[in-house]
Amino acid sequence: MENWTHDFNIGSMVRTANAFQAKRVHIVGPHKWNRKGSLMTELYQHIENHPSITELVECWKLRIAGEIAAAQSQAAAIAFRMHESAGKNVEAGNDAGVSDALLAEGRVAGCAPSGISTDASDASGVGNGFEPTCMAQLAAIDQRIAELKAARVIALDIIPGAVPMETYRFPKRCLMLFGAEGPGLSEKALELADDVVYISQFGSVRSINAGAAAAVSMHAWISQHAAPQL
């Protein structure tokens, strides 16, 4: 959120981000904002402050790159342990079927989800499903890195060239940029965005409250990526 005018909508946006479990809320500009609308969620919602939109986007992209690198290291560690295990089995006359091709294949295209260990000792043991467990971990890592590589910066604004939210497919990992009430997003924010998305409106007014727009946008992501909690 670009906090140009000490926007009172920021409190509402923080509350909405907490409701939909956004990883972080980023506030660009002044740290001061009206917390009344957040209903205390700012106390346990992760909030970061940035001096400029450029700094925010650069930090976010570096974070994504770091997560990709960490994922690749996790995948390489799993592949190496499988390679070691296969070598031991071959020496014992029990070829597990894992060859050097596993390492050469470069199965480092994803990030292990939280809770998955890369330690072979935690993978059910060499003789009890070790290889299938590792292959399942590698598949999860492949999917995770694909999601990270597809991450995009998305500006929410009604400008020429923007695409309607109703037909837009949100990536699993994204950074949504919202402007202040009234002036909207800065030219720099629009320049840094990979995509610009707008909420279709059909009445005599072609804009909605910034807090409401943020809620609609976050729920659009939820409707595409999160299973309903019944």
Side-chain angles (χ1 to χ4, degrees), residues 1-67 70 111 113-115 144 147-148 151-158 165 168 170-199 201 207-230:
M1 296 169 284
E2 287 192 303
N3 185 20
W4 290 8
T5 57
H6 303 295
D7 197 337
F8 68 90
N9 286 285
I10 290 179
S12 176
M13 292 178 178
V14 170
R15 178 183 176 184
T16 301
N18 178 264
F20 295 131
Q21 292 195 321
K23 281 181 175 290
R24 296 174 185 83
V25 172
H26 303 271
I27 299 175
V28 176
H31 291 203
K32 184 178 179 181
W33 50 277
N34 190 328
R35 287 163 169 75
K36 189 173 182 179
S38 63
L39 297 183
M40 306 295 286
T41 54
E42 77 277 6
L43 299 179
Y44 40 92
Q45 174 67 46
H46 192 105
I47 298 176
E48 294 183 2
N49 291 278
H50 304 268
S52 69
I53 194 69
T54 300
E55 194 266 355
L56 162 59
V57 172
E58 288 179 352
C59 282
W60 184 78
K61 288 185 175 181
L62 284 172
R63 179 177 283 128
I64 295 295
E67 291 184 25
C111 178
S114 60
R144 178 61 176 155
E147 291 172 357
L148 287 166
R152 298 182 75 77
V153 178
I154 304 168
L156 281 301
D157 209 343
I158 301 178
M165 180 178 293
Y168 183 75
F170 283 91
K172 188 74 175 288
R173 191 68 176 271
C174 60
L175 174 67
M176 295 184 186
L177 304 181
F178 299 98
E181 183 81 18
L185 283 167
S186 65
E187 288 297 324
K188 189 62 177 180
L190 295 171
E191 175 188 326
L192 292 170
D194 297 307
D195 300 315
V196 183
V197 176
Y198 72 91
I199 301 168
Q201 297 159 58
S207 66
I208 58 177
N209 172 273
V216 170
S217 304
M218 284 185 252
H219 187 267
W221 185 97
I222 285 288
S223 67
Q224 294 180 13
H225 294 290
Q229 300 296 313
L230 300 179

TODO: Please check if the side chain of D194 supplies one atom and the backbone of V153 the other of a donor-acceptor pair under 3.5 Å.
DONE: yes
Task: Pairwise distance CG(L56) to CG(L177) - rounded to 0.5 angstrom - done: 6.5 Å
Open item on the list: So does F8 get a backbone contact from the side chain of N34, meaning a donor-acceptor N/O pair under 3.5 Å?
Closed with: no
- [ ] Look up atom CD in E67 and atom CG in L148, then write down how far apart they are to the nearest 0.5 Å.
- [x] 5.5 Å
- [ ] Evaluate the ring planes of F170 and Y168, with Trp represented by its six-membered ring, and classify them as parallel (under 30°), tilted (30 to 60°) or perpendicular (over 60°).
- [x] perpendicular
Open item on the list: Is it the case that the side chains of Q201 and S207 hold a donor-acceptor pair, with the cut-off being a distance below 3.5 Å and no angle test?
Closed with: no
Open item on the list: For the CH2 atom of W60 and the NE2 atom of H26, what is their distance to the nearest 0.5 Å?
Closed with: 9.0 Å
Task: R35: salt bridge (Lys or Arg N to Asp or Glu O under 4.0 Å) partners, not counting sequence neighbours - done: none
TODO: State, yes or no, whether a side-chain contact exists between V196 and I154 at a heavy-atom distance under 4.5 Å.
DONE: no
Open item on the list: I'd like to know if E147 and R144 make a salt bridge, using a cut-off of under 4.0 Å between side-chain N and carboxylate O.
Closed with: yes
Open item on the list: Between M176 and L156, is there a side-chain heavy-atom distance shorter than 4.5 Å?
Closed with: yes
TODO: Using distance alone, with no hydrogens and no angle criterion, decide if S38 and E42 have a side-chain donor and acceptor under 3.5 Å apart.
DONE: yes
Task: Short side-chain to backbone donor-acceptor contact, W221 and A226, under 3.5 Å - done: no
- [ ] State, yes or no, whether a side-chain contact exists between L192 and I53 at a heavy-atom distance under 4.5 Å.
- [x] yes
Open item on the list: Under a 3.5 Å distance rule, please check whether E2 uses its side chain to pair with a backbone N or O of F178 as donor and acceptor.
Closed with: no
Listed pairs under 3.5 Å, donor-acceptor, residues 13-24 side chains, sequence neighbours left out:
from : atom 1 : to  : atom 2 : distance (Å)
T16  : OG1    : S12 : O      : 3.0
R24  : NE     : E48 : OE2    : 3.3

